[in-house]
Amino acid sequence: MNTKLIGGILLVSGTTIGAAMLALPVATGQAGFIPSFILLAICWIYMTYTAFLILEANLWMEPDTNLITMARNTLGRWGAGLSWVTYLFLLYSLTTAYIAVCIPIFVDIGHSCFGLNISHWLGALPLILILGYFVYRGTESVDYLNRILMTGLIIAYLAMIFLLAPHIQPTKLLHVEWSYLLLATSIIATSFGFHIIIPTLTTYFKRDIPQIKVAILIGGIIPFVVYSLWEVLALGIIPIEGEHGILEGYLHGTDGTRLLAGTLQQSSIAVIARFFSFFAIVTSFLGVSLSLSDFLSDGLSIRKNQAGKLMLYILTFLPPLLFTFICPRAFLTALEYAGAYGVMVLLGLLPPLIVWAGRYQKGYQSSFKAPGGKCALTLTIAFALIFIGLEIANSAGWLNHFINY
């Protein structure tokens with residue numbers, strides 16, 4: 001395996017693993033480990049298949065063609081419009097989630113380290129002002145900072161495994177409530193969204209299909225393993241009910257590391273949990289907010305001069321910041337919306353529609369064709385619609401009535 005292939009694998013896995021994994025135990029805990037593991041496996045297989053669909057469509061186009069152009073060339077103006085709106089919605093939702101989950105971290109740091117009682121709205125300022133400055137500076141500054149933060153994330157993750165493993169109670173992993181799995185579909189889907197970098201992979205490997213396929217497969221397996229191990233640790237320790245239980249965390253939008261720290265009440269674990277949360281959040285925050293800024297610059301034709309950068313900074317961070325203050329449960333709510341209406345539309349529903357139109361209406365052909373014909377594409381579309389329907393039902397409160405019934 002050459003270094004270039006390793007780099008491609010890490011690009012896929014690094015894009016996939018992010019702050020959404022902090023929400024996994026909270027979203028899946030009421031269902032239990034076994035149902036959650038099965039749904040993780042199904043979503044990994046599904047999202048890997050839609051990634052291959054995007055790869056096929058990308059190879060029909062000129063180099064450096066993005067998903068919006070693929071939709072425009074196959075589905076027409078309505079496809080381009082849907083992808084544009086969905087892309088923007090997804091990036092704004094993810095940015096909101098990262099700001100929301102970072103606020104209590106900075107509030108805790110201010111209280112424990114400096115003895116300051118920081119208000120809720122001030123807790124967002126360090127993330128917006130300090131890390132937002134690197135986004136303001138551009139890709140090169142973000143890339144340099146991200147390398148340092150990714151190193152911290154790996155170290156913190158390994159430390160979490162070492163510290164938490166002795167506290168696992170195997171009986172807690174046997175808890176099973178299949179009906180509650182319906183509440184976790186959108187967040188699990190959000191955890192496997194790496195598709196937007198496939199055009200980059202295609203260019204990076206100079207359209208070498210075998211290497212691209214290996215990068216997608218192995219790069220997707222790594223997050224699946226990381227998530228599964230994280231679920232064992234969290235669900236084997238955190239109780240379902242109680243002050244720091246799964247149910248309380250789901251109702252209030254608390255992330256999994258805070259529940260772990262509250263359950264075990266050990267200072268060393270609490271410190272490592274904070275570091276792990278911080279690194280997971282900021283690495284995702286940097287990539288998503290930079291993508292959002294670039295997307296707004298391209299879509300609204302804003303030049304990146306001093307005035308343009310300031311405008312992009314405001315447009316990138318002000319809307320999600322306001323939503324964070326309006327919605328007390330902003331972290332989980334934003335991730336649920338991102339998964340159902342962002343990831344599942346943009347990365348679940350659009351790829352089979354694009355390939356259907358390209359294969360069977362436009363007659364596009366390339367050196368790679370994703371496995372499966374019309375039947376596979378139909379099932380893929382149906383799967384996306386089911387996930388979207390579940391989130392609509394959850395937002396309307398129908399799922400809770402069904403589960404309680």
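Residue numbers run from 1 in the order of the sequence given.
Between the side chain of Tyr364 and the main chain of Glu56, no donor-acceptor pair closer than 3.5 Å is present. In terms of modelled atom types and a separation under 3.5 Å, the side chain of Tyr227 and the main chain of Ile188 share no donor-acceptor contact. A donor-acceptor pair under 3.5 Å links the side-chain atoms of Ser191 to the main chain of Ile187, judged by distance alone. One N or O on the side chain of Tyr46 and one on the backbone of Gly348 form a donor-acceptor pair closer than 3.5 Å. Counting only distance, with no hydrogens or angles, the side chain of His195 and the backbone of Thr50 share no donor-acceptor pair below 3.5 Å. Within the 3.5 Å criterion, the main-chain N or O of Ala357 finds no donor-acceptor partner in the side chain of Thr74.
Contact of the Phe205 side chain with the Val214 side chain is not registered, since no non-hydrogen atoms from C-beta on lie closer than 4.5 Å. By the 4.5 Å heavy-atom criterion applied to side chains, Pro210 and Asp208 are counted as neighbours. Considering only heavy atoms from C-beta on, Met70 stays 4.5 Å or farther from Arg72 through its side chain. Proximity of Ile222 to Thr16: side-chain heavy atoms (C-beta onward) are nowhere separated by under 4.5 Å. Between Leu201 and Gln211 there is no side-chain heavy-atom pair separated by less than 4.5 Å. Side-chain contact between Leu59 and Arg207: present, with at least one pair of heavy atoms (C-beta onward) separated by less than 4.5 Å. Inter-residue side-chain proximity for Phe194 and Ile216 is flagged as met; some heavy-atom pair is nearer than 4.5 Å. Contact of the Leu55 side chain with the Ile212 side chain is registered, since non-hydrogen atoms from C-beta on lie closer than 4.5 Å.
Relative orientation of the Phe275 and Phe279 rings is parallel, given thresholds of 30° and 60° on the angle between their planes.
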Stepwise, does the side-chain contact (heavy atoms from CB on, under 4.5 Å) test hold for Val355 with Tyr360?
CA-CA 8 Å; Val355 170; Tyr360 305 117; 5.9 Å; no

Derivation of the side-chain contact (heavy atoms from CB on, under 4.5 Å) call for Cys43 and Phe387:
CA-CA 11 Å; Cys43 283; Phe387 267 50; 3.8 Å; yes

Please step through ring-ring contact (aromatic ring centres under 6.0 Å, His included) for the pair Phe89 and Trp84, ending with a clear verdict.
CA-CA 9 Å; Phe89 176 82; Trp84 203 97; over 10 Å; no

Take Ile237 and Lys172 through the side-chain contact (heavy atoms from CB on, under 4.5 Å) test and state the conclusion after the steps.
CA-CA 7 Å; Ile237 296 173; Lys172 290 185 177 179; 5.6 Å; no

Evaluate side-chain contact (heavy atoms from CB on, under 4.5 Å) for Tyr157 paired with Leu229, printing each intermediate quantity in order.
CA-CA 11 Å; Tyr157 180 75; Leu229 184 56; 3.7 Å; yes

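Residue-environment remark: CD (Gln265) exceeds the threshold of 12 foreign heavy atoms within 6.0 Å. For CE of Met61, the number of neighbouring non-hydrogen atoms (other residues, nucleotides, ligands) closer than 6.0 Å is greater than 12. Open room surrounds NZ on Lys213; 12 or fewer heavy atoms of other groups in view lie less than 6.0 Å from it.
Here CD1 of Ile272 is found 13.0 Å from CG of Leu260. Values are rounded to the nearest 0.5 Å. For the atom pair OG of Ser83 and CD1 of Ile68, the computed distance is 4.5 Å after rounding to the nearest 0.5 Å. Here the CG atom belonging to Leu75 is positioned 12.5 Å from the CH2 atom belonging to Trp356, to the nearest 0.5 angstrom. Distance check, rounded to the nearest 0.5 Å: CD1 of Ile302 to NZ of Lys309 gives 13.5 Å. Put simply, CG on Leu158 and CG on Leu163 are 11.0 Å apart, with the number rounded to the nearest 0.5 Å. Atom CG of Leu90 is separated from atom CG of Leu346 by 6.5 Å, given to the nearest 0.5 angstrom.
The nearest pair of heavy atoms linking Leu235 to Pro25 is CD2-O, 3.7 Å. Nearest heavy-atom pair across Val232 and Leu173 is O-CD2, 3.7 Å. Contact detail for Ala215 and Leu5: the closest heavy-atom pair is N-CD1, 4.1 Å. Looking at every heavy atom in both residues, Ala184 comes nearest to Ala27 through CB-O, 3.4 Å. Contact record, Asn58 with Pro199: OD1-CA, 3.6 Å, taken as the closest heavy-atom pair. Shown here for Thr380 and Ala376, the closest heavy-atom pair between the two residues is OG1-O, 2.7 Å.
With sequence neighbours excluded, the residues satisfying ring pair (Phe, Tyr, Trp, His ring centres under 6.0 Å) with Phe224 are Phe37, Trp44. Applying the salt bridge (Lys or Arg N to Asp or Glu O under 4.0 Å) criterion to Arg258, with sequence neighbours excluded, gives Asp108.
Ring-centre distance between Phe276 and Trp230: below the 6.0 Å cut-off.
Within the structure, no pair that satisfies the side chain to side chain donor-acceptor pair (under 3.5 Å) test touches residues 365-374, not counting sequence neighbours.
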